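Remarks on the structure that follows.
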Amino acid sequence: MSRPKIIAGNWKMNCTPAETKELITSLVASERSDTEVVTIVCPPFTSLSAASELLSKSSIVLGAQNLSEHESGAYTAEISASMLVATGVKYVIIGHSERRQYYYETDSLINAKLKIAINTGLFPIFCVGETLEEREAGNSQEVVSGQLLNGVNGLSVENLKNLTVAYEPVWAIGTGKTATPEMAQDMHKFIRENMAKIEPAIANSTPILYGGSVKPDNAAGLLNQPDIDGALVGGASLSADSFMKIIEAA
Ligand code: 13P
């Protein structure tokens, strides 16, 4: 089963609209028409409109980093799925470890966000991953399978077809310590086996991205693994040059 290669840039809390214009202009200028890699950029909310306009004639796809679990209403400062769709957003990162860690997002909240995202026509990039303590205690698989099962609880087969999973070991995020290709492949295979238990019909077609200190010099080794279908890139997605090199390695 061939799955698309996906390289997504999670810009996190970086780039004003002006900086976004600069970065996207460089990305669009170096975009290759002969690539089959699906390229996604996820700027902060305040830069989505600027990004959307600049990407209108590009094959680079727009993503967001979060959304509300509610449809609309009195939820001060929240951004709804339909607002994202109306701004030209196609993908949305859900359950990032920084949201779980600093903003106390739980599996059930993440589950509600996945449901509203898919029901509104967005494609979620659903993040899972263990902390260093959990890995050292030998609990990585248990943690990741729990996050997966709870996250997708109640999603139909049709819903699951729109899902991309990202495995991001927390100890590898922003630390320069990446998982070795073998470690990452083992966990990706385990995630695919779990997806098969959840819904056999979609396990082989679900893209599973790796995230955590992906850089131009380690990207090819990771992306050559059979169950690694792409990367969710933080720091290295903030420079057009390094992000393009990662896309070329895919
Ligand atoms: P870094 O690539 O900066 O480690 O970030 C990874 C990440 O959290 C992407 O979502």
Side-chain angles (χ1 to χ4, degrees), residues 5-15 19-20 23 27 37-45 47-48 51 60-67 84 89-103 105 110 113-114 117 122-132 134-135 140 143-144 147-148 151 163-181 183-184 187-188 191 207-223 225 228-250:
K5 279 272 191 260
I6 299 176
I7 304 293
N10 175 8
W11 293 8
K12 307 193 180 182
M13 198 173 73
N14 293 290
C15 294
E19 289 161 345
T20 295
L23 181 48
L27 288 174
V37 178
V38 178
T39 303
I40 304 166
V41 289
C42 306
F45 289 135
S47 287
L48 289 174
I60 299 173
V61 188
L62 189 59
Q65 301 172 19
N66 187 23
L67 85 176
L84 295 180
V89 170
K90 297 275 184 310
Y91 284 82
V92 59
I93 298 171
I94 295 179
H96 192 281
S97 62
E98 287 152 15
R99 302 290 319 166
R100 294 177 188 261
Q101 220 178 332
Y102 308 138
Y103 302 96
E105 292 203 3
I110 291 163
K113 290 186 176 192
L114 287 171
L122 292 164
F123 293 86
I125 301 176
F126 167 37
C127 302
V128 295
E130 80 286 359
T131 63
L132 185 60
E134 289 161 343
R135 175 160 282 263
S140 306
V143 168
V144 168
Q147 290 172 338
L148 266 180
L163 196 71
T164 294
V165 175
Y167 169 57
E168 297 206 306
V170 179
W171 48 271
I173 296 176
T175 57
K177 271 193 231 162
T178 187
T180 63
M183 277 161 83
M187 187 58 94
H188 280 232
I191 290 172
I208 307 177
L209 316 184
Y210 171 80
S213 297
V214 176
K215 308 285 175 207
D217 60 356
N218 62 21
L222 289 158
L223 294 165
Q225 299 297 316
I228 301 186
D229 305 311
L232 182 54
V233 185
S237 71
L238 295 172
S239 132
D241 182 54
S242 57
F243 194 53
M244 291 314 293
K245 285 191 177 129
I246 293 170
I247 295 166
E248 278 160 27

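What you are looking at is a predicted structure, and each value in this text was computed from that prediction instead of being measured. Both ligands and their constituent atoms are indexed starting at 1 by order of listing.
- Of all atoms in ligand 1, numbered sequentially from 1 with element shown, those under 4.0 Å from a heavy atom of S213 are 1 (P), 2 (O), 4 (O).
- A donor-acceptor pair under 3.5 Å links the side-chain atoms of S47 to the main chain of C15, judged by distance alone.
- Looking only at heavy atoms of the protein, atom 2 (O) of ligand 1 is closest to G234 N, 2.9 Å.
- With respect to atom 7 (C) of ligand 1, the closest heavy atom belonging to the protein is E168 OE2, 3.1 Å.
- At a 3.5 angstrom cut-off on N or O pairs, G235 counts as close to ligand 1.
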Check your understanding: Under the side-chain contact (heavy atoms from CB on, under 4.5 Å) criterion, do V61 and F123 qualify, and how do the steps go?
Key -> CA-CA 11 Å; V61 188; F123 293 86; over 6 Å; no

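- Checked against a 3.5 angstrom limit, the closest N/O atoms of G212 and ligand 1 fall outside it.
- At a threshold of 4.5 Å between non-hydrogen side-chain atoms, the residues V92 and K113 do not count as touching.
- Put simply, no part of G211 is less than 4.0 Å from ligand 1, judged by heavy atoms.
- Ligand 1 is approached by A172 to a heavy-atom distance shorter than 4.0 Å.
- For L232, heavy-atom contacts with ligand 1 shorter than 4.0 Å involve the backbone as well as the side chain.
- For the pair E98 and ligand 1, the shortest N or O to N or O distance does not fall below 3.5 Å.
- The single protein non-hydrogen atom nearest to atom 5 (O) of ligand 1 is K12 NZ, 3.2 Å, given as residue, atom name and distance.
- Between the side chain of D229 and the backbone N or O of I208 there is at least one donor-acceptor pair closer than 3.5 Å.
- Under a 3.5 Å cut-off, the side chain of S213 and the backbone N or O of A172 do form a donor-acceptor pair.
- Ring orientation note: the planes of Y167 and H188 are nearly perpendicular, at an angle over 60° on the 30°/60° scale.
- Judged by distance alone, the side chain of Q65 and the main-chain N or O of K12 form a donor-acceptor pair under 3.5 Å.
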